[in-house]
Amino acid sequence: MTIQWFPGHMAKARREVTEKLKYIDIVFELVDARLPLSSRNPMMDEIVQHKPRLVILNKGDLADHEETMKWQRYFKEEGHESIIINAKEGKGIKQITSVSQMLLKEKRERQVARGMKPQPIRAMIIGIPNVGKSTLMNRLVRKNIAKTGNRPGVTKGQQWLKVGNELELLDTPGILWPKFEDEEIGKKLALTGAIKDNLLHLDDIALYAIRFFNEYYPQQLQARYQLTDDQLAEDAVAQLMTITQKRGFRDDYERASEMIVQEIRNGQLGRLTLDRVENWEHEDE
Ligand code: GDP
């Protein structure tokens, strides 16, 4: 399900998240490791403010690991701890509890010093559509569907889900809108399936993807579509035509575009990272 965002929806989404923030100790900001900034809500800092935050780079299996590590350094410099996970297979999710405990250590120590029994950490997942919020929640509460019931500190109709004995998760994630401000971000979001295909032309997305692979991962493109060195040296439009013919689609470029986009989303062209740290650092200057 992809949401169409209008100003009214955005304001409502923001209100809902803000309302729930007061019940939680920490925010789990879920982003797509292939595009850690483009898949981030543009108002995240403003909305979350000083609440402790853990940045979770999901879909780590689809991203270029070297780049993901660069992003972790970027977030660290920004003042945020981050972890890399694959929610689909449950990889890396154990760190969520341990890193949260580390981030909230002082608060817990204060509780203990006052003779209070440390309470489970209360958290909420926030992210744009399709970033993997439901997948992660299902993974985390898999064997622990038992809800914690009518404990205080929760809005009507909301419940806490137990994740082991140390963590409690709000049962509905916060869904916020992605960045739409520039066309390139829109293409990246469409290519990874974060926004509806019909918002952009598929052939534009496919051409954007082909150009991107030519720049960063030419061998992966060449291997998948068995392009000769001469074909790899051609421009993206010529390459799209070549791929269309090779797949037996004659001149149905639309069909070939759809296939290319689908194959990239599925990881069939290998891992890729669309947001490059160096470009964003450069843009900030
Ligand atoms: P939500 O809208 O944020 O709740 O996103 P979903 O949990 O529905 O996930 C969107 C899509 O991403 C689904 O097809 C998931 O199977 C897929 N997905 C979620 N996490 C991962 C992951 O770590 N790796 C991969 N490859 N796919 C994932």
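Worth saying up front: this structure is predicted, and the values here are computed from it rather than measured.
- The environment of K246 atom NZ is dense: over 12 non-hydrogen atoms of other residues, nucleotides or ligands sit within 6.0 angstrom.
- Linking Ile, Leu, Val, Met, Phe, Trp and Tyr whenever their side-chain heavy atoms come within less than 4.5 Å puts F212 and L202 in one cluster.
- For CD of Q222, the number of neighbouring non-hydrogen atoms (other residues, nucleotides, ligands) closer than 6.0 Å is greater than 12.
- At a threshold of 4.5 Å between non-hydrogen side-chain atoms, the residues E263 and M259 count as touching.
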Would D275 and K188 count as a salt bridge (charged side-chain N to carboxylate O under 4.0 Å, His left out) here? Give the steps.
CA-CA 8 Å; D275 282 352; K188 289 178 184 179; 2.7 Å; yes
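- In this structure, E258 contributes its side chain and R255 its backbone to no donor-acceptor pair below 3.5 Å.
- When atom types are taken as modelled, the side chain of Q72 and the backbone of S82 share a donor-acceptor pair closer than 3.5 angstrom.
- Considering every non-hydrogen atom in both T68 and A63, the closest pair reads OG1-CB, 3.6 Å.
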Apply salt bridge (charged side-chain N to carboxylate O under 4.0 Å, His left out) to the pair D45 and R53, showing each step before the final yes or no.
CA-CA 10 Å; D45 288 348; R53 191 192 317 182; 2.8 Å; yes
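- With rounding to the nearest 0.5 angstrom, the OG1 atom of T172 is 7.0 Å from the CE atom of M137.
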Determine, step by step, whether M124 and V27 satisfy the side-chain contact (heavy atoms from CB on, under 4.5 Å) criterion, reporting the C-alpha distance in whole Å, the side-chain angles of both residues, the deciding distance to 0.1 Å, and the verdict.
CA-CA 5 Å; M124 156 187 201; V27 166; 5.8 Å; no
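- The environment of NZ in K105 is sparse: at most 12 heavy-atom neighbours from other residues, nucleotides or ligands sit within 6.0 Å.
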Checking side-chain contact (heavy atoms from CB on, under 4.5 Å) for the pair I96/L136: CA distance, chi angles, key distance, verdict?
CA-CA 11 Å; I96 294 176; L136 176 60; 3.9 Å; yes
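- By the neighbour-count criterion of 12 heavy atoms within 6.0 Å, atom CD of E78 is densely surrounded, having more than that number from other residues, nucleotides or ligands.
- Looking at E46, its side chain never comes within 3.5 Å of a backbone N or O of M43 through a donor-acceptor pair.
- In this structure, S39 contributes its side chain and D32 its backbone to a donor-acceptor pair below 3.5 Å.
- Contact of the K107 side chain with the D25 side chain is registered, since non-hydrogen atoms from C-beta on lie closer than 4.5 Å.
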Could you go step by step and tell me if Y217 and D64 meet the side chain to side chain donor-acceptor pair (under 3.5 Å) rule?
CA-CA 10 Å; Y217 308 103; D64 180 336; 2.7 Å; yes
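- Between W71 and W280, the angle of the ring planes goes over 60°, which puts this pair in the perpendicular group of the 30/60° scheme.
- R271 contributes a side-chain N or O that, together with a main-chain N or O of G60, makes up a donor-acceptor pair within less than 3.5 Å.
- In the hydrophobic cluster analysis, where Ile, Leu, Val, Met, Phe, Trp and Tyr join through side-chain heavy atoms closer than 4.5 angstrom, I126 is grouped together with F180.
- Taking all atoms of both residues into account, the shortest heavy-atom contact from S100 to L54 is OG-CD2, 4.1 Å.
- Side-chain contact check for L191 versus K187: every heavy-atom pair is 4.5 Å or farther apart.
- In plain terms, the two heavy atoms of L232 and L227 that are nearest each other are CD1-CD1, 4.2 Å.
- From L104, atom CG reaches atom CZ of R110 across 10.0 Å, with rounding to the nearest 0.5 Å.
- Across V112 and P118, no two heavy atoms sit closer than the pair CG2-CG, 3.6 Å.
- Counting heavy atoms from C-beta on, the side chains of V55 and R40 come closer than 4.5 Å.
- Hydrophobic clustering (ILVMFWY, side-chain heavy atoms < 4.5 Å, transitive): M102 and F75 are in one cluster.
- Residues Y225 and L269 have side chains in contact (heavy-atom distance under 4.5 Å, counting atoms from C-beta outward).
- Expressed to the nearest 0.5 Å, how far CG of L169 lies from NZ of K162 amounts to 12.5 Å.
- Using a 3.5 Å distance cut-off with no hydrogens or angles, the side chains of E67 and Y216 do not pair a donor with an acceptor.
- The number of heavy-atom neighbours closer than 6.0 Å to CD of E183, taken from other residues, nucleotides and ligands shown, is 12 or below.
- Shortest non-hydrogen contact noted between I195 and G186 is CD1-O, 3.6 Å.
- Between atom CG of residue L140 and atom OG1 of residue T135 there is a gap of 11.0 Å, rounded to the nearest 0.5 Å.
- Between atom CZ of residue R14 and atom CH2 of residue W177 there is a gap of 6.5 Å, rounded to the nearest 0.5 Å.
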Go through the steps to decide whether L240 and I260 satisfy the test side-chain contact (heavy atoms from CB on, under 4.5 Å), and finish with yes or no.
CA-CA 9 Å; L240 176 60; I260 293 167; 3.7 Å; yes
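- No more than 12 heavy atoms of other residues, nucleotides or ligands sit less than 6.0 Å from atom NZ of K12.
- In terms of modelled atom types and a separation under 3.5 Å, the side chain of K59 and the main chain of A87 share no donor-acceptor contact.
- Partner of E168 under the side-chain hydrogen bond (donor to acceptor under 3.5 Å, both in side chains) criterion, out of Q119, Q159, R122: R122 alone.
- With hydrogens and angles disregarded, a donor-acceptor distance shorter than 3.5 Å links the side chain of S98 to the backbone of Q95.
- Residues E19 and R15 are not in side-chain contact: their nearest non-hydrogen atoms beyond the backbone lie 4.5 Å or more apart.
- Counting heavy atoms from C-beta outward, L221 and Q239 have side chains that approach closer than 4.5 Å.
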Run Y208 and E184 through side-chain contact (heavy atoms from CB on, under 4.5 Å) and show every step you take.
CA-CA 9 Å; Y208 172 77; E184 187 171 1; 3.0 Å; yes
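- With hydrophobic clusters built from ILVMFWY side chains whose heavy atoms lie under 4.5 angstrom apart, I128 does not share a cluster with L62.
- The shortest side-chain heavy-atom distance between R211 and E215 does not fall under the 4.5 Å cut-off.
- Cluster membership check: I47 shares its hydrophobic cluster with I175, using side-chain heavy-atom separations under 4.5 Å among Ile, Leu, Val, Met, Phe, Trp and Tyr.
- In this structure, CD1 on I84 lies 11.5 Å from CG on D61, to the nearest 0.5 angstrom.
- At distances below 3.5 Å, not a single donor-acceptor pair connects side-chain atoms of N214 with backbone N or O atoms of A236.
- Pairing each heavy atom of R265 with each of R34, the nearest pair is O-NH1, 4.0 Å.
- A distance-only check finds a donor-acceptor pair linking the side chain of K51 to the backbone of I24 [under 3.5 Å].
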